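Report on the following structure.
Index from 1, following the sequence. The structure presented is a predicted model; accordingly, all values stated were derived computationally and were not measured.
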Amino acid sequence: MRSITETQVARHLTPARRPAQLAALREAFEHFAQGRATVLPRSRAALAQASGAPMVSAMGAVLPDMLGTKVYATLNGKFQFVVNLFDTTTGLPLATMSANELTRVRTAATTALAVDTLARAQARVLGVFGNGVQAQAHVEALLGVRRFERVMLHARSDAPGTAARWSAEFGLPVEAVDAARVAAESDVIVTCTRATEPLFDGALVRPGTLVCAVGSSKPVARELDDTLLARAAAVVVEWKTAALAEAGELVRAAPGTIAPERLKELGELLVAGHAPAAQDIVVYKSVGIGLEDIALAAMVLCDEAAAQAGSEQPS
């Protein structure tokens, strides 16, 4: 059984490998939609209910050629992740993998897959709420699937400093603005915050906009309001079972806000080759599911095995 470190994981999850990441995620979601993969729901246990108390969480998936779990500890708002992989033919353990970097990348890469599937090809303005680790990871990932010409950023602290840093790092204009401008002027909006109440008025969002909410997997928290959810032609989730239990936008929505036929799973849209109409507002709500972790962890394991085999070849 292999033990794969954060350094090794990071070596295989670079931006240059983004096409392979998206391909692995696309295949996993298609398998899930076709009944060829299954997902282990997230479960949590805490030592106490007080804020900052130690908590353990677990999630996972079974893919056609790999199964595994991701287990993580939460303490004082900080996380440590580990993935365990097993062979689906023999049941033998294949690897234990440090997964902090994998978790950072998988969340943004899955959003990139959703944007590539659901956003208009002509999208040029990216709006971002938040300036933490996930916000930066999302900008990096989304620049690879659409030709964004500028980024509008709203954050509670150091938004101008983040805008300047991102502009230098990503090579395009990044402007720190108020929430209303992000909502009203963006073609794709991504919310990467720990907000517990809506970040902007959904009435401001223009027809044809894709809004991706990725900030929380807890039912008490929401980043989008009922106005936006009611206007959306579709609300797309990774897995309805998880979203209905964990997404605050869905759990806290007023009855009748989202008609059942407008709630879609990403995998079913990928299999159907779905493309929204040009004027449709679409919401993608992510809570993170084990399918994503195991799909990318399997890719990393295969890449690491190939790299090691190559290094062992005689010169």
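Rounded to the nearest 0.5 angstrom, Phe86 CZ and Leu92 CG are separated by 9.5 Å. Remark: Lys264 NZ to Leu118 CG distance equals 12.0 Å, nearest 0.5 Å. The distance from atom OH of Tyr72 to atom NZ of Lys78, rounded to the nearest 0.5 Å, is 16.0 Å. Between the CZ atom in Arg104 and the CD atom in Gln136 there is a gap of 7.5 Å [rounded to 0.5 Å]. Annotation: the span from His274 atom NE2 to Leu266 atom CG amounts to 10.5 Å, rounded to 0.5 Å. The CE atom of Met97 lies 8.5 Å from the CD1 atom of Ile294; values are rounded to the nearest 0.5 Å.
With salt bridges taken as basic N to acidic carboxylate O contacts below 4.0 Å, none links Lys285 and Glu246.
Hydrophobic clustering (ILVMFWY, side-chain heavy atoms < 4.5 Å, transitive): Leu210 and Phe29 are in one cluster. Residues Leu291 and Val237 do not share a hydrophobic cluster, defined by chaining ILVMFWY side chains whose heavy atoms lie under 4.5 Å apart. Note on Val282: it does not cluster hydrophobically with Leu263, by side-chain heavy-atom contacts below 4.5 Å among ILVMFWY residues. In the hydrophobic clustering of ILVMFWY residues, with side-chain heavy atoms under 4.5 Å counting as a link, Leu22 and Leu301 come out together. By the rule that hydrophobic residues join a cluster once side-chain heavy atoms approach within less than 4.5 Å of another member, Leu25 and Phe81 end up as members of separate clusters.
No donor-acceptor pair closer than 3.5 Å links the side chain of Arg42 to the backbone N or O of Ala242. A donor-acceptor pair is defined here as one N or O able to donate and one able to accept, closer than 3.5 Å; no such pair exists between the side chain of Arg150 and the backbone of Leu172. Counting only distance, with no hydrogens or angles, the side chain of Arg106 and the backbone of Leu296 share no donor-acceptor pair below 3.5 Å. In terms of modelled atom types and a separation under 3.5 Å, the side chain of Arg262 and the main chain of Thr257 share a donor-acceptor contact. Judged by distance alone, with hydrogens and angles left aside, the side-chain atoms of Glu249 form a donor-acceptor pair with the main-chain N or O of Leu224 at under 3.5 Å. When atom types are taken as modelled, the side chain of Gln8 and the backbone of Thr5 share a donor-acceptor pair closer than 3.5 angstrom. Under a 3.5 Å cut-off, the side chain of Arg231 and the backbone N or O of Ile281 do not form any donor-acceptor pair. In terms of modelled atom types and a separation under 3.5 Å, the side chain of Gln21 and the main chain of Thr14 share a donor-acceptor contact. A distance-only check finds no donor-acceptor pair linking the side chain of His154 to the backbone of Phe129 [under 3.5 Å]. In terms of modelled atom types and a separation under 3.5 Å, the side chain of Asp187 and the main chain of Val125 share a donor-acceptor contact.
Arg44 CZ: more than 12 foreign heavy atoms inside a 6.0 Å radius. Within 6.0 Å of atom NZ in Lys240, more than 12 heavy atoms from other residues, nucleotides or ligands are found, so the atom counts as buried in its surroundings. For Gln80, the CD atom is loosely surrounded, since the number of other residues' heavy atoms within 6.0 Å does not exceed 12. Applying the 6.0 Å contact sphere to CZ of Arg2 captures more than 12 heavy atoms from other residues, nucleotides or ligands.
In summary, the side chains of Ser216 and Glu223 do not present any donor paired with an acceptor at a separation below 3.5 Å, with no hydrogens or angles considered. Checking Gln134 against His138 by side-chain atom types alone, a donor-acceptor pair falls below 3.5 Å. Between the side chains of Thr88 and Asp65, not a single donor N or O lies within less than 3.5 Å of an accepting N or O.
Heavy atoms only, all atoms of each residue included: Pro15 and Glu140 are closest at CG-OE2, 3.8 Å. Closest approach of Ala24 and Ala295 over heavy atoms only: O-CB, 4.0 Å. When all heavy atoms are compared, the tightest approach of Val283 to Ala232 is CG2-CB, 4.0 Å. The shortest heavy-atom contact between Leu85 and Met66 is CD2-CG, 4.0 Å. Residues Leu153 and Ala159 approach most closely at CD2-O, 3.6 Å, considering heavy atoms. When all heavy atoms of Phe200 and Ala183 are compared, the pair lying nearest together is CD1-CB, 3.6 Å.
A 4.5 Å side-chain heavy-atom check between Glu238 and Val287 finds at least one atom pair inside the cut-off. Considering only heavy atoms from C-beta on, His31 stays 4.5 Å or farther from Leu63 through its side chain. Inter-residue side-chain proximity for Arg146 and Leu126 is flagged as unmet; no heavy-atom pair is nearer than 4.5 Å. By the 4.5 Å heavy-atom criterion applied to side chains, Cys212 and Val115 are counted as neighbours. Between Leu102 and Asp293 there is a side-chain heavy-atom pair separated by less than 4.5 Å. Side-chain contact between Arg18 and Val105: present, with at least one pair of heavy atoms (C-beta onward) separated by less than 4.5 Å. Using a 4.5 Å heavy-atom cutoff, the side chains of Thr103 and Phe79 are not in contact. At least one side-chain heavy atom of Tyr284 sits less than 4.5 Å from a side-chain heavy atom of Thr110.
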Walk me through whether Asp225 and Asp201 qualify under side chain to side chain contact (heavy atoms under 4.5 Å, CB included). CA-CA 7 Å; Asp225 65 10; Asp201 180 356; 4.0 Å; yes
Let me see the working for Lys218 and Arg194 under side chain to side chain contact (heavy atoms under 4.5 Å, CB included), right down to the final yes or no. CA-CA 10 Å; Lys218 293 186 177 180; Arg194 295 188 178 183; over 6 Å; no
Step-by-step salt bridge (Lys or Arg N to Asp or Glu O under 4.0 Å) determination, Arg11 to Glu101: CA-CA 10 Å; Arg11 191 159 55 224; Glu101 177 65 5; over 6 Å; no
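Shown are Asn131, Val190, Val174, Val128; of these, the side chain to side chain contact (heavy atoms under 4.5 Å, CB included) with Val139 is made only by Val128.
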